[in-house]
Amino acid sequence: MGARNRGIASTVQQVNQERVTTRVQLADFKRNNSGIGSATQQLGAFAANPTNVAHRTSMVNRSGQRLTSVTLNNTAEASGLVDRAATSMAREAQLGKNKSLNAAQRAWLADIMKPTWSQPTHGATVMGHLQTARRLEESSRVFDTIAMAAQNNFPADFSVVSKRGRVQGLMQSTNLDWAGQRTENTAIGFLGTHPRNIRNPQRTPGVGSAMIGHARELARVNNSRAITLGAEGTEAQGFYRHQGFQHEDGRALLPQHFSHRTLPLKLPLR
């Protein structure tokens with residue numbers, strides 16, 4: 001066997017081992033009942049109780065699904081549930097990222113071992129898996145941030161978007177001025193949609209719009225002047241542009257400005 005073939009065989013063995021490891025991790029995660037299932041279901045049930053809710057809005061998306069957004073009353077129980085749910089979703093997003101990277105490797109190897117020059121589909125497949133992995137990595141970081149805020153009792157509003165009692169997204173926000181002090185000037189926060197929505201965005205449309213709509217309502221009640229956030233990636237930036245966001249300095253956000261780097265954006269409210 002030549003050196004090139006031995007290298008390919010070694011890479012195939014490594015990819016197969018990573019695939020087995022990923023499958024075991026996913027199986028362990030699903031067996032652990034304190035993971036994504038029970039944590040988000042408990043949070044959904046908690047948010048459905050009006051006595052636990054400070055604020056409520058709702059919307060109906062194009063598919064006729066009603067998405068209800070609530071801001072939880074600032075209690076230790078609420079923070080604990082947010083922490084557990086966000087930590088579980090961050091873990092699931094990270095495992096999904098590993099699975100996507102593994103799938104990208106397998107598609108790449110398939111292209112090397114059996115090139116399909118007449119129908120170059122593997123390259124597109126590889127890029128698709130890599131893009132999903134990047135979105136899941138970003139989702140994991142957002143949920144880690146929300147969990148950390150809940151753990152540290154950070155002065156924030158924790159909002160939940162649910163559909164039929166199941167959590168579809170989480171948002172953590174607070175009022176800040178430009179120097180980073182809590183005031184009535186600017187609402188800033190982190191929002192993330194469920195990792196399963198990222199893998200199957202066509203099945204759960206409207207989650208991001210529901211969260212932005214709820215953020216607008218919170219900002220209005222808090223007499224805030226703007227909503228600010230950092231958007232990473234062209235897909236997210238396109239979504240926020242559609243929602244009316246602009247550059248932090250007031251310039252219009254145009255498609256030619258989209259970047260994989262984080263852009264500081266602002267939605268003026270008055």
Side-chain angles (χ1 to χ4, degrees), residues 25-26 28-49 51-56 68-98 135-162 165-177 179-183 186-198 207-208 210-212 214-215 218-219 222 224 227-232 236 262 264:
Q25 289 174 331
L26 286 167
D28 288 344
F29 182 77
K30 291 176 181 177
R31 279 196 299 268
N32 181 2
N33 235 5
S34 66
I36 192 69
S38 63
T40 54
Q41 287 173 13
Q42 288 178 30
L43 181 61
F46 185 82
N49 186 338
T51 61
N52 302 323
V53 173
H55 240 41
R56 184 183 299 270
T68 302
S69 308
V70 300
T71 292
L72 303 178
N73 285 316
N74 191 14
T75 63
E77 185 178 5
S79 295
L81 285 171
V82 170
D83 173 27
R84 287 184 56 216
T87 299
S88 294
M89 286 192 276
R91 175 67 173 153
E92 190 189 35
Q94 193 63 31
L95 290 173
K97 171 200 167 187
N98 294 344
R135 291 196 297 268
L136 287 166
E137 171 66 20
E138 181 181 353
S139 178
S140 180
R141 291 199 304 269
V142 167
F143 285 124
D144 277 338
T145 301
I146 293 173
M148 189 180 305
Q151 290 169 11
N152 296 330
N153 198 25
F154 187 73
D157 295 311
F158 292 108
S159 302
V160 177
V161 177
S162 65
R166 291 184 177 272
V167 172
Q168 300 292 306
L170 287 175
M171 180 170 68
Q172 173 255 316
S173 60
T174 189
N175 291 331
L176 302 174
D177 68 9
Q181 302 297 316
R182 185 174 172 84
T183 69
T186 304
I188 188 170
F190 300 89
L191 60 86
T193 184
H194 197 293
R196 292 172 190 167
N197 298 349
I198 291 176
V207 177
M211 285 191 283
I212 292 297
H214 190 57
L218 290 178
N222 289 325
S224 299
I227 298 172
T228 62
L229 51 80
E232 178 182 341
T262 300

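The model shown is predicted, which means the values in this text are computed figures rather than measured ones.
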Taking all heavy atoms of [X] and all of [Y], pick out the closest pair and write down the distance.
X	Y	value
I146	F190	CD1-O, 3.9 Å
T40	A85	CG2-CB, 4.1 Å
M89	P195	O-CG, 3.3 Å
M211	V161	CG-CG2, 3.1 Å
V167	G44	CG2-N, 3.8 Å
Q41	R166	NE2-NH1, 3.1 Å

Sequence neighbours left out, cut at 3.5 Å: what donor-acceptor pairs do the side chains of residues 73-80 make with other protein atoms?
| unit_1 | atom_1 | unit_2 | atom_2 | d |
| --- | --- | --- | --- | --- |
| N73 | ND2 | T51 | O | 3.1 |
| N73 | ND2 | N52 | O | 3.4 |
| T75 | OG1 | A78 | N | 3.1 |
| S79 | OG | T75 | O | 3.3 |

Nearest 0.5 Å, please: how far is [atom2] in [Y] from [atom1] in [X]?
X	Y	atom1	atom2	value
S69	Q168	OG	CD	11.0 Å
H194	E92	NE2	CD	5.0 Å
S38	L43	OG	CG	11.0 Å
R135	K97	CZ	NZ	14.0 Å

With a 4.5 Å cut-off on side-chain heavy atoms, are H214 and T71 touching? yes
Are side-chain heavy atoms of L72 and L81 found at a separation under 4.5 Å? no
Can you list the residues that meet the salt bridge (charged side-chain N to carboxylate O under 4.0 Å, His left out) rule with R141, with sequence neighbours excluded? E137, E232
Look at the side chain of T87 and the backbone N and O of D83, then say whether any donor-acceptor pair between them is shorter than 3.5 Å. yes
Verify, without hydrogens or angle tests, whether S140 (side chain) and L136 (backbone) share a donor-acceptor contact under 3.5 angstrom. no
Would you mind telling me which of I212, T193, L218 makes a side-chain contact (heavy atoms from CB on, under 4.5 Å) with M171? L218
